[in-house]
Structures are given as structure tokens and as C-alpha cells.
There are 2 protein chains.
Amino acid sequence: MAHDPARSAAIAAELRARIIGGGLQPGDRIRQEEVAAEFGVSRIPIREALRILESSGLVTLVASTGAWVTELSLEECREIYLMRERLEPLLLSLAMPTHTQESIAEFDQLAEVVEQAASPGDFLEADREFHRAVMAVPGTLRLSETVDHLWNLSHYYRRRLLSPEVSRRREDIVAEHRMILRALELGDVDSAEAIMAAHIRHTRRLVEAHPEMFARDRNGEER
Amino acid sequence: MAHDPARSAAIAAELRARIIGGGLQPGDRIRQEEVAAEFGVSRIPIREALRILESSGLVTLVASTGAWVTELSLEECREIYLMRERLEPLLLSLAMPTHTQESIAEFDQLAEVVEQAASPGDFLEADREFHRAVMAVPGTLRLSETVDHLWNLSHYYRRRLLSPEVSRRREDIVAEHRMILRALELGDVDSAEAIMAAHIRHTRRLVEAHPEMFARDRNGEER
DNA sequence: CCGGGCGGAATTGGATCCAATGATTGTTCG
DNA sequence: CGAACAATCATTGGATCCAATTCCGCCCGG
């Protein structure tokens, strides 16, 4: 137990979970030694873990200076949503041929879970689960990874958004999920893509309406 | 000079250049100690460099086993082109508002360079330069990085493709570049996006017509 | 009173050394 | 004679130690 190989991957996963979960917030500095002490390892696997997280964009490394949880500007967040608007319809279109009556029934269940989520946290979790399931494709490693990274990057802001705006947007989201499911049932790829794009675009609009969540483009560090 | 901080980044850049340039080919194993000896450093910065390259997908790391230059299957390559078909039109649309008469004139020069490239290597280089220039946007870090990674990943196969198929496809590419420029002159975003997507789609079709370039999906290692 | 330059502490990056895992070869048994 | 097993070897992953850089506060000078 003293020497797990690839311990860095496990540490990266734990740190990622903390960032997604909100334990570590954008702008927070990550000191190698602190984390090393906490996990009871040396700084080497921490460095590797930070590089892994940097590669997905969750952490920003500055040479000889330090590591911070990536803080998005409004423009960057907008960019991420724009990418999602293009990539997720593609991923969905690739996933559709693999769907069956049974899998669509499961998606229906997942949509139900979203609708009945009690807390904002549950809602986000269920929403992500729904999207992940609907767009799951066995083969497409890079594409689904990329999409996953984009979700991770914007997760924090999605949660902040959900708190004040819960009621109205939730209904929209639920309705859009139902529309996506309907397109899946019909096997209508074009409609599914279009609705998915609109679904993401609507959330982007909401993000753009709340610029106060973001750092002023490159200044104003130290949350 | 003995201790450059962030030497790993420089090593990563050099290795990346070798992979792009063809010195290292997909499937080649990269042994940490070899590279370390060659650069006159310890294995630590090599490990970091390999992680950096892995993050962009150029290198595949297997825990406790080793590092290989990423070898794409036909399906993966197809996936990369599909992603490019969606992302590059987006990037182009973001770039267009920043274009001016002068910058478009420069693009014209670059298109000229592509047309008059002598060797396949020059052609690829010029083609990439053209695309990069046309889609250059000051702000969009993540998107242009992602697109850059996708180009890097498929560069090797693009070169292999160009050798046998030079004549015919070259004319098409040149013509499509001209069409893109025309759309830029007119400021017609929709056309520009559509042509760019078609441009990439055509190359994808060519890739799909040459499955013999690819490894059989996950076997047949050791080039 | 304010700004620039200097010095020390904190923190990161790299080198060397050691442990553990995976691959390969030789050996032995069915 | 082939196949499965075991031991050795090569290679990667981690720990400890050391050097270099950055950041902070402090002091001196204008």
C-alpha cells in the first residue's frame, strides 16, 4: 500500500472531484506541499496530478510560480458554451445509431430524476447524468473526453447560475430534455442536433446575462 | 544555463516538433531514459514533457508500462475530422469580425504560397499556415488550442495521404481556399462556415478512402 | 512622504536514489 | 514437443535532497 503506481491519477481524480464539488473554487491557489502532506505523499505525484488537471483546463499552471484553480472570464465561458453547441450535437448524432427502445426508456427515467431533483446540487448531477447517458458512444474517446472537460470547466458557473435562477430555467431545461427524447424516439437526427444546440445556447444566454459571476478578464485574482 | 526552469516545456516542444516532422512516428515507443540522456537531463522533466504531450493526445501513456507516439485507428481519425468540421467553422466565424481588408490581402498571399508549394512538406506547412492565419482570434484560447491539437494529431496521416494523392486533391484544396477567401471578402459568415466545413469534410472522405494507413483499431502495435 | 532597489523566506523545478511493476527469457513438467 | 511457471532484467513511479526562481517585506534614498 505504500507504493501505488499511478497514484498521481487517483490524486488528480480526487482534486478534480473537489473542484467540481466546490471544495476548491476558481482562483484558489493549490500549493504542492499542502496537498502532498494531506495525501501523505511527496510532491512528485502532486506535480503529475496538477499537470493532468491542467491538461483538461481545470487547473492553470504558471512556471516557477504556482498552480491555481482555473478562473474563467465571461469570454472564456462563452467560448466553452460555443464549443459545446457545436460538439454535443455531433456527439449526439454519433450516439443515436446505438440507441434502442430500451436505452431510450432509461433516458426517460433519467429525465424523470432531473425533474424531481430536490436540491440544486442534485439537479446538476442528474442533468449531467442525463446528458452523459444520451450522448454515450462506445468508440468516441476523444470527443466525449473533450465534451467532458468542457462540462467540468463550466460546472462551477453552472451551479452559481442555478441558485438565483432556479425556477424559470428549470422548467425550460426539463421541457428541452423532453424534446430531445422525442427526437430520439423518432430517430430524427437533425431535430435532435438542433434541439441540443438550442438547449446549450439557451444556457449560454443565461450565462451572458450574469457577467457579475466572472473575473474581469485577467485581473482581480484572489477570489 | 544548467538549470532552466520549465525545461520540460521546451523538451515537450522539441518532441512535438519531431512527431509532427516525422522523426517520431505513430507507434514508436518513447523511453524516458533515452530521451533524458539525449537532452542531458534527468528523467523527471521528460516525464513532465510526456504528460504535456499526452494532454494534447500526441503521446499515449500507459501506467507503469511506457509511452508511445499515439497511433490513430481509422475511427479515431474520422472522429478528429468530424470534430474539426464542427469547430473550425466556429473558430472562423469568431475570427471574421476581426478581419480587415489588409489581413484578407495577407491571406491571399498565404493562399498563393500554398498553390506554389513545391514539395508535399512545404504544401502541408503552407496549408496549415493559411488555416491558422484565417482562423486566428486574439481571445479564443481554448478553442484555437483544441483545433491546434486536432491538427497535430492528424498531421502524420495528412502527410501520408498527400504523397499518393497529390495532384487531384491539391487542386480542390486550392479552389476551396479561394472560395473561403471570397466569402471572407464578402463578410458572408454562413458561407464561410459552410465552405470550411465542406473543405474539411472532403479531406475526411479522402482519409476514409485509405483505411490501409491505419492500425487495426487496437492491435498491430510495433510499427 | 513616496518610490526603487535589496535581501530573506517560501515555493517550485530538477537530480539522484530506491522500490515496485511489467516484460522476457529460460526452465521444468505434463 | 508445447505450454505454463518462475526468476531475472529492464523500465517506470515515487521519495528525498538540492538549486534556482519568485514573491514579500524592509530599508535606504530622493
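Numbers restart at 1 for each chain; the letters A, B, ... are given by sequence-line order, proteins then strands.
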Which residue lies toward the 5' end of DNA chain D, Pro45(A) or Thr65(B), if each is placed at its nearest nucleotide? Thr65(B)
Whole-Å distance, Gln32(B) CD to dT21(C) C1', equals 13 Å
Less than 4.0 angstrom from a charged side-chain N to a carboxylate O is my criterion; do Glu54(A) and Arg51(A) meet it? yes
Taking atom P of dG22(C) as reference, at what distance in whole Å does atom CG of Leu61(B) sit? 15 Å
Geometric class of the His99(A)/Phe107(A) ring pair [parallel <30°, tilted 30-60°, perpendicular >60°]: perpendicular
Closest of dT12(C), dG14(D), dA15(D) to the Val41(A) side chain is dA15(D)
Got a donor-acceptor pair under 3.5 Å from the side chain of Arg43(A) to the base of dG13(C)? yes
Could you state the atom-to-atom distance from CD of Glu34(A) to C1' of dT11(C) in whole Å? 11 Å
Mutual orientation of the aromatic rings belonging to His199(A) and His177(A) [parallel < 30°, tilted 30-60°, perpendicular > 60°]: perpendicular
Using a cut-off of strictly less than 4.0 Å, decide whether Ser42(A) has a side-chain nitrogen or oxygen near OP1 or OP2 of dA15(D). yes
Assess whether a salt bridge exists between Arg170(B) and Asp127(B), defined as any Lys/Arg side-chain N lying under 4.0 Å from an Asp/Glu carboxylate O. no
Per Glu33(A) side chain, nearest of listed nucleotides dG14(C), dT12(C), dA15(D): dT12(C)
Measure from CZ on Arg47(A) to C1' on dG14(C) and round the result to the nearest Å. 7 Å
How many whole angstroms separate atom CD1 of Ile30(B) from atom P of dT12(D)? 10 Å
Which listed nucleotide (dT22(D), dT11(D), dG14(D)) is nearest to the side chain of Ser64(A)? dT22(D)
Arg29(A) CZ to dA10(C) P: how many Å, rounded? 13 Å
Taking CG from Leu50(B) and P from dT11(D), how many angstroms apart are they, rounded to a whole number? 15 Å
In whole angstrom, give the distance that lies between atom CD1 of Ile44(B) and atom P of dA15(D). 11 Å
Glu75(A) side chain to Gly139(B) backbone, donor-acceptor under 3.5 Å: no
